[in-house]
Amino acid sequence: MESMIYKKKGPLFLFLVPAFVFIIVYLFYPFIVNIINSFSVIQGLGNLPAGVNAPWYQNYVRLFQDQKFKTALVNTLWMLAGTVVFQVGLALLLSLMVDNIRKGAQFYRTVYFFPIVISAAALGLLFNMMFMMQGGMINQVLAGLGTKAVNWKEKFSIQTMLIPVMWQYVGFYFVIIVTGLNNISEDIYEAAKIDGADGIKRVRYITLPLLFNVLCTCVTLSVTGALKVFDLPWIMFPNGMPVDSTWLTGTYMYYSTFNLGDVDYGSAIAVFIVALGVIIARLANTLLKEKDY
Amino acid sequence: MKKFLAGMLSLTFALGLTAGCSSAPTAESSSPPPAESEQATSDQPAEQSAEQSADQPPDAAQAVTLNVFSTYAGSDGNAPNYQDALAAWQQGTGNKINDTSATADETVKGRIRTDFSAGSEPDVLFYFTGADASSFLDKVLTVDEIRAQYPSYATNMREDTSPKATDGKWYAVPVNGYWENLFVNKKVLDAAGVSLPDAGYTWDQFLIDCQKIKDAGLTPIAASFVDVPHYWWELSIFNNTSPATHNTIPQDINDDAAKAWIAGMNDIKAVYDKGFFPENALSAKDEELQELFFTDQAAFLLDGSWRANTIVTRASDDDEKIDEARLAEFTVVNFPDKGLGRKSTDVIGGMSSGWYITRKAWDDPAKQAAVVDFVTFMSSDEQVSKFAGANSATALQNGVTVDEATLNSLNKEVIAIINAATAFTPAVQDAVSGDARDAMFQAIPQMLTGSVTADQLIGDFIAAFTPA
Amino acid sequence: MKGKFSISQTIMYILLSLWALTTLFPFVWVVNNSFKPRNLIITDTFAPAAGDKFTMANYTLAFKRINIGGAYLRSLIVSVSVMAAVVLLAGLAAYALARYQFKGRALLDSLIVASMMFPVFCTIIPVFTMQKSWGIASSGHAGLSLLSTALPQIAGNLTFAIIILRGYIRGLPIDLEESAYLEGCSAIQIFFKIIVPIAKPSFATVAIFSFLWSYNDLFTQMFFLRSKAEFTITRLLNELTSMEGTNYGLMAAAVTLVVIPVLIVYIFLQKYIIKGMTAGALKG
């Protein structure tokens with residue numbers, strides 16, 4: 001379905017070169033250095049490599065033997081499923097509703113953005129105070145009901161870690177989907193109404209197909225986001241607490257690089273994350289394309 | 001839109017550049033510099049003072065700009081003292097300072113290492129002396145090298161108590177130090193009917209007291225083994241060594257040091273198994289569990305000297321006036337001893353940071369005299385007294401001079417402990433800092449839950465640790 | 001569409017408001033606690049800051065220690081530059097990737113997805129060394145330091161912006177572009193005259209997020225902004241609260257001070273998202 005306009009490839013370079021110069025110089029060149037680093041010996045971020053690992057692929061072997069990394073991978077896959085289903089799903093639901101109410105859409109659009117704006121440090125503190133065992137908000141409510149205090153961060157550690165992350169980024173996908181909805185003109189809806197399509201039918205047969213590209217974008221973003229999510233989990237569950245059970249690939253990479261100063265191993269984790277992310281994103285996009293388009 | 005975007009781009013970068021031109025890269029200082037500048041000139045090295053008359057500021061042509069890094073930033077209690085000192089030195093010498101101080105978190109440590117490997121290190125820096133400095137020791141000068149040209153450099157400091165680098169040499173001129181001891185919430189002790197620990201507090205008595213506190217429904221000890229196992233690790237080992245042997249690093253799982261370390265770990269596990277730590281000591285951050293101590297739910301908090309400032313802060317709602325009545329409910333005592341090599345008055349403490357001069361500045365003829373003068377000024381008796389105050393040990397030959405009238409109740413208790421100390425022993429964890437140590441700290445929760453034994457924990461450390 | 005309240009409308013309002021409560025709560029909590037004495041933030045965290053629980057002490061403490069005005073200005077300089085550059089460069093690239101068929105497009109797509117996952121702590125050291133060799137990093141010159149912060153942030157935000165814009169532009173009907181082409185417009189003219197106006201909501205979205213992420217990106221700022229004369233507001237307030245782990249009052253005040261400009265930018269740019277709805281009268 002290529003249009004006449006785009007047969008001449010001349011302007012293509014003008015469009016692509018500025019952005020890709022930035023991307024290559026500031027992202028790809030450093031990441032290639034990072035790949036080389038993953039085969040070297042580097043102790044302490046900022047120090048120069050002190051030789052090559054023996055054998056050179058040692059870090060990648062270690063990845064598959066490392067129990068903490070295994071935990072991180074399993075938790076991250078949960079995070080990934082959660083972000084795609086709940087974050088994007090909830091954002092879609094909320095944006096469809098906001099699109100269909102008569103008044104106050106502006107208010108909801110503004111308010112749903114708030115969690116993204118507040119720093120992870122502040123949100124971490126707030127959630128810690130909600131889930132805190134001694135005198136935390138939830139346990140205070142439970143005490144009022146005569147129930148014993150629950151140690152949420154031990155008994156329900158994975159849930160306690162995932163829920164705030166899910167919640168925080170719903171607003172991000174909400175804004176993107178709302179933007180996509182604005183693109184669907186009233187005329188189409190009016191025409192559909194004449195044909196008798198309204199309510200759920202209208203959503204199913206008009207809105208969702210027209211939103212398809214935007215939803216694909218959201219899936220790609222949520223896959224990559226889940227694999228590198230770091231700040232809020234790290235503030236709420238540092239060092240994989242309790243007892244190495246809550247590692248994520250993002251937090252484990254940070255820990256290896258900064259806390260242990262094992263820069264080359266951290267680099268290997270980064271390479272692994274990127275490879276995994278590209279594969280999953282491609283897979284998701286092919287699946288989606290086959291189904292609907 | 002095109003015009004708008006292009007306009008925005010050029011406008012913002014233009015603004016960025018002019019903002020840069022108009023603001024000279026100097027330290028912002030909120031307070032006026034003190035008038036006296038005598039000691040700035042009196043500490044000049046012999047060759048220099050001959051060329052410069054004592055009361056006349058150097059000509060503008062000679063003035064240099066020094067790049068200075070320190071950890072006196074953020075809410076470090078000494079940040080205001082540091083800013084005052086910078087202003088005083090600039091005023092006295094006519095030189096300028098480009099201050100890049102920052103709180104030394106992991107990111108900033110990475111930045112410092114990057115600077116040294118990329119050749120953009122500062123001229124002088126106040127930084128740690130342990131493993132954090134080991135990667136740049138070839139790029140800074142030892143005190144002896146400097147003394148070869150400036151014989152009076154750092155002569156007001158005792159060499160024996162000044163902190164040494166991982167290669168055993170003396171590079172950094174110390175200012176203020178640290179100690180680690182047991183903070184006490186008296187209100188909780190009263191509620192549990194426990195009397196205040198005295199000078200000879202024993203480990204057995206401590207365990208009895210903890211049991212009483214626990215029976216009263218309170219938490220005996222506020223501690224987290226998630227992110228800050230450092231203090232319990234250090235003091236538990238100290239209880240099984242002595243000031244003379246504490247800084248010996250295990251080489252073999254059967255040597256005396258290894259045995260002491262294993263015994264120390266087993267002491268922590270015993271306390272953990274008795275339930276004297278918070279129930280969520282493995283599932284809450286240190287900062288959360290400290291709250292138990294500040295809010296009268298936990299009796300003891302083992303921590304470093306900087307925590308004294310936090311207690312003062314938390315005891316009152318206003319920085320202007322201290323709530324003395326509330327502050328009096330907190331105190332600090334010596335960590336209980338097991339009656340082995342360590343007496344309860346033997347304290348973990350010392351200095352773990354100091355001023356370094358980099359070769360880059362030293363080799364620059366325009367800067368050499370200025371950096372020496374700067375460090376001499378920052379480590380003068382007067383400045384060190386100001387920075388160390390009542391809360392810390394120093395390496396000064398003559399000790400600090402403190403104005404008694406400015407002290408609060410906690411300060412006075414600290415001074416009493418420091419004065420009564422029979423030994424100041426540096427923390428051994430600073431001598432072994434690095435990935436092997438941090439992997440050991442990370443595994444302490446596993447030891448407490450029993451999936452790893454203390455022997456394995458220390459054995460793994462010995463296998464992973466390579467001495468500098 | 002006009003009419004009385006229907007049941008479905010009521011249910012929607014209830015659900016939307018429930019979610020709004022969860023998103024409003026942290027914000028209200030932070031602002032409320034920033035006006036409370038610091039010890040009450042832990043012990044009495046949900047009480048309103050009123051009566052003897054009200055204090056300005058956290059703000060006076062924040063303002064006493066720092067020069068806040070210059071830091072706001074520098075934040076705006078960096079983040080607005082990043083925002084403008086990202087919108088322009090990502091817009092052009094996204095347009096090309098959405099409309100042109102060419103060899104290697106799938107590869108470029110994958111490269112973009114991959115680069116979104118490059119963690120900033122893996123790329124920072126080479127970027128620093130590179131910018132140091134160009135003389136813009138660690139130069140002691142405030143303008144250059146701001147530039148050396150903005151450039152990596154532009155690159156870092158380009159990739160997600162391209163993905164969002166590409167998805168949006170792909171969904172646009174091609175008719176308008178074709179009629180413009182018949183009128184003699186070149187591809188570049190089509191971009192600025194057709195694509196930019198009708199994709200304005202999506203551009204506004206990208207602008208908001210690149211502003212926000214540049215503004216909040218403490219890590220890059222820690223490396224490139226060193227002296228106080230260079231600090232942005234995020235960097236400055238982080239320095240202020242970094243050691244004060246337990247002074248939550250100061251932290252709440254700092255968060256409030258950091259958040260306000262972002263909300264202003266969001267509310268301002270949101271107008272464009274809404275305007276797009278009414279002005280972008282597309283014929284499907």
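Every chain is numbered from 1 and lettered A, B, ... according to where its sequence line falls, protein lines coming before strand lines.
Both the backbone and the side chain of A:Y112 come within contact range of chain C, each with at least one heavy atom under 4.5 Å from a heavy atom of that chain. No part of C:S8 comes within reach of chain A, as not one of its non-hydrogen atoms sits under 4.5 angstrom from that chain. In this structure, no portion of A:L93 lies under 4.5 Å from any heavy atom of chain C. Contacts of A:V98 with chain C are made by both backbone and side-chain atoms, with heavy-atom separations under 4.5 Å. The parts of A:L94 that come within reach of chain C are both its backbone and its side chain, each placing non-hydrogen atoms under 4.5 angstrom from that chain.
Taking the six-membered ring where tryptophan is involved, the planes of C:W213 and A:F172 are tilted, since the angle between them lies from 30° to 60°.
Here the closest heavy-atom approach between residue C:Y168 and residue A:T179 is recorded as CE1-O, 3.4 Å. Closest non-hydrogen pair, C:S115 versus A:I23, comes out as OG-CG2, 4.3 Å.
Using a 4.5 Å heavy-atom cut-off against chain C, the contacting residues of residues 270-277 of chain A are A:A270, A:I273, A:V274, A:G277.
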Which donor-acceptor pairs under 3.5 Å do side chains of residues 158-166 of chain C form with protein atoms, sequence neighbours excluded?
residue, atom, partner, partner atom, Å
C:R166, NH1, C:D109, OD1, 2.7
C:R166, NH1, C:D109, OD2, 3.3

Side-chain donor/acceptor pairs under 3.5 Å, residues 24-35 of chain A, sequence neighbours excluded:
residue, atom, partner, partner atom, Å
A:Y26, OH, C:Q131, OE1, 2.5
A:N34, OD1, A:S267, OG, 3.2

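Looking at C:I112 and A:F20, their side chains come closer than 4.5 Å, going by heavy atoms from C-beta outward. By the 4.5 Å heavy-atom criterion applied to side chains, A:V111 and C:F27 are not counted as neighbours.
Ranking A:L14, A:L211, A:L16, A:V214 against chain C, the residue ahead of the rest is A:L16, based on heavy-atom pairs under 4.5 Å.
Residues meeting the ring pair (Phe, Tyr, Trp, His ring centres under 6.0 Å) test with A:F113, sequence neighbours left out: C:F209, C:Y266.
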